[in-house]
Protein chains: 2
Amino acid sequence: MASATHLFPIRHDAIPSLLQKYGIVPTTQRIEIAATLLCERQHLSADQVLKRLTEHGVSVSKATVYNTLGLFAERSLVRQVIVDPAKVFYDSNTEPHHHVYNVDDGTLIDIDTANMCLEQIPYPPRGTFVETVDIVIRIRNTV
Amino acid sequence: MASATHLFPIRHDAIPSLLQKYGIVPTTQRIEIAATLLCERQHLSADQVLKRLTEHGVSVSKATVYNTLGLFAERSLVRQVIVDPAKVFYDSNTEPHHHVYNVDDGTLIDIDTANMCLEQIPYPPRGTFVETVDIVIRIRNTV
DNA sequence: CCCCGATTTAGACTCCGTCTAGTTCAAATG
DNA sequence: CATTTGAACTAGACGGAGTCTAAATCGGGG
C-alpha cells in the first residue's frame, strides 16, 4: 500500500519491487505495462499504452492492458483522469494535483495544488466517503 | 446568448422563446427535447432523454437527440458533465456550481459554489482561454 | 404553391471497453 | 522431477455510446 509516491524517472529494474509495494504480483506483462506508463510523468489512454507496447515489439493482449491499468488504478499506483467522454487517461503522477484539459486538441497537463485552496468541501452524505476531489480547468484555443 | 439563467420550473410554452434567446431555431423535436431536460434541475444522459421521449409517445431519432443535446451545450443552454467514462450527462442547471458523483451508484448531485473559494487559478497558456472550471467530488459507499 | 436550405431520420458504422472460454504460466506439492 | 492448481493471459466476440451518411421531410420566403 506504498506510502511515499515514487520518483521519476523510474528505472526499469525497479518496477517489480514497486509493483509488489502496491500489492500487485509483478508478471511479465504488468512490468511492461508499468514501464510504459511510469517511465515519466504522462497521461496515456489504454489504447496508447497498447500501441506503444506493440511498437516496441512487446506483445500484450488488449484485455490485459485494460485489466492491468484498471488494477493499477484500483491499487493507487496510477490515477484515472476522466476529462474526455471518449476515453480514460491514466496518469503516472499520483501526487495530489489537478488538470488543465485543452478541449480542442486533447492535451492534458498537470497543475500543482499549491495555492489552489479549496475550502468548505461539503460533508459527504451518510454512508459515503470522499474518494477524490478532481479539479479540471477546461481550456480552448482562441480562434 | 441569454445573460440571465432561466428559472425552474420552465413552462412548456416558454420553451420556443427560450431556445431563440440562445440562438437555436425552435423546431418540434428541439422543443420536445428541451422540455424533457429543462422541466426541472436534473442530470440526464442522451439515452435517458431518448427513453423519456419514447415513453411519452414522442418519436425522435437517436441522432437528433445526440445532435440536439450537443447543440444545446454548445450554445450554453445546458451544461455537459463528464464524470463517468461511459456516458455524458447533460445538466439543466447552468448556474455556476459543482458536482458530487457517487461512483458506486452513479448518482450525481449539484453543490453550490458558495464558500468553495478557488484561488490562484493558473493563467491559461498563450492562445487559449478558460472555458470552464469543473470540480468533481467523487464519493463511494462505505462497507 | 413551389423551392431550397435546414433539419430529421434510419440504420450502418466506429471506437472504447468488457466478457468469455480456453490456454499458459509458475509456484507449491508429492 | 512430474503433477496439480489457481492466477494470469489471450483472441476474439460482444455491448453500448456516440457518429456518420444518404435520403426524406419540413417549413418559411418568394
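Chain A is the first sequence line, chain B the second, and so forth, proteins listed ahead of strands; every chain is numbered from 1. What you see is a predicted model, and the numbers here were worked out from it, not measured in a lab.
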Inset, instruction - Would you indicate what A/N67 reaches in the nucleic acid, counting non-hydrogen atoms under 4.0 angstrom: base, sugar-phosphate, or nothing? - result: nothing

Legend entry - Nucleotide D/dA8, atom P - distance to CZ of A/F72 in whole Å: 12 Å

Legend entry - Ion pair check, A/E131 and B/R140, cut-off under 4.0 Å: yes

Legend entry - Nearest listed nucleotide, side chain of B/A63, among D/dT10, C/dA10, D/dC9: C/dA10

Inset, instruction - Could you state the atom-to-atom distance from NZ of A/K62 to P of C/dC15 in whole Å? - result: 11 Å

Legend entry - Nearest-nucleotide pick for A/T68, side chain only, options being C/dC19, D/dC9, C/dA10: D/dC9

Inset, instruction - Return the nearest nucleotide to the side chain of B/Q29; candidates are C/dA10, C/dT8, D/dG18. - result: C/dT8

Inset, instruction - Nearest whole angstrom, please: distance from the C1' of D/dA7 to the CD1 of A/I24. - result: 15 Å

Inset, instruction - Output the distance between atom CD1 (A/I109) and atom NE2 (A/H97), rounded to the nearest 0.5 Å. - result: 11.0 Å

Inset, instruction - Please tell me which of the listed nucleotides, D/dA11, D/dA17, C/dT8, lies nearest to the side chain of B/S61? - result: C/dT8

Legend entry - Nucleotide nearest B/V25 when distance is taken to its side chain, options D/dG18, D/dT10, C/dT7: C/dT7

Legend entry - Residues B/D110, B/H43; criterion side-chain hydrogen bond (donor to acceptor under 3.5 Å, both in side chains); working and verdict: CA-CA 9 Å; B/D110 287 357; B/H43 309 93; 2.7 Å; yes

Inset, instruction - Using whole Å, report how far CZ of A/R30 lies from C1' of D/dT10. - result: 14 Å

Legend entry - Whole-Å distance separating the CG atom of B/D84 from the C1' atom of C/dC16: 13 Å

Inset, instruction - Among C/dG17, C/dC16, D/dG18, find the nucleotide with the atom closest to the side chain of B/A46. - result: D/dG18

Inset, instruction - Nearest whole angstrom, please: distance from the C1' of D/dT19 to the CG of B/D47. - result: 14 Å

Inset, instruction - Would you kindly check whether a donor in the side chain of B/K87 faces an acceptor in the base of D/dG18, or vice versa, at under 3.5 angstrom? - result: no

Legend entry - Distance in angstrom units between B/E32 CD and C/dT9 P, rounded: 11 Å

Inset, instruction - May I ask you to verify if any side-chain N or O of A/Y66 is less than 4.0 angstrom from the OP1 or OP2 atom of C/dT18? - result: no

Legend entry - Residue A/T27, side-chain heavy atoms: nucleotide from D/dA17, D/dA8, C/dT8 that is nearest: D/dA8

Legend entry - Whichever of A/T64 and B/A86 has its nearest DNA chain D nucleotide further upstream toward 5': A/T64

Legend entry - Atom-pair distance (CD1 on A/I31; P on D/dA8), nearest Å: 13 Å

Inset, instruction - May I ask whether A/Y90 and A/Y22 are part of the same hydrophobic cluster, defined by side-chain heavy atoms of I, L, V, M, F, W, Y residues being less than 4.5 angstrom apart, directly or through others? - result: yes

Legend entry - Closest heavy-atom pair and its distance - B/P124, A/I139: CB-CG2, 4.2 Å

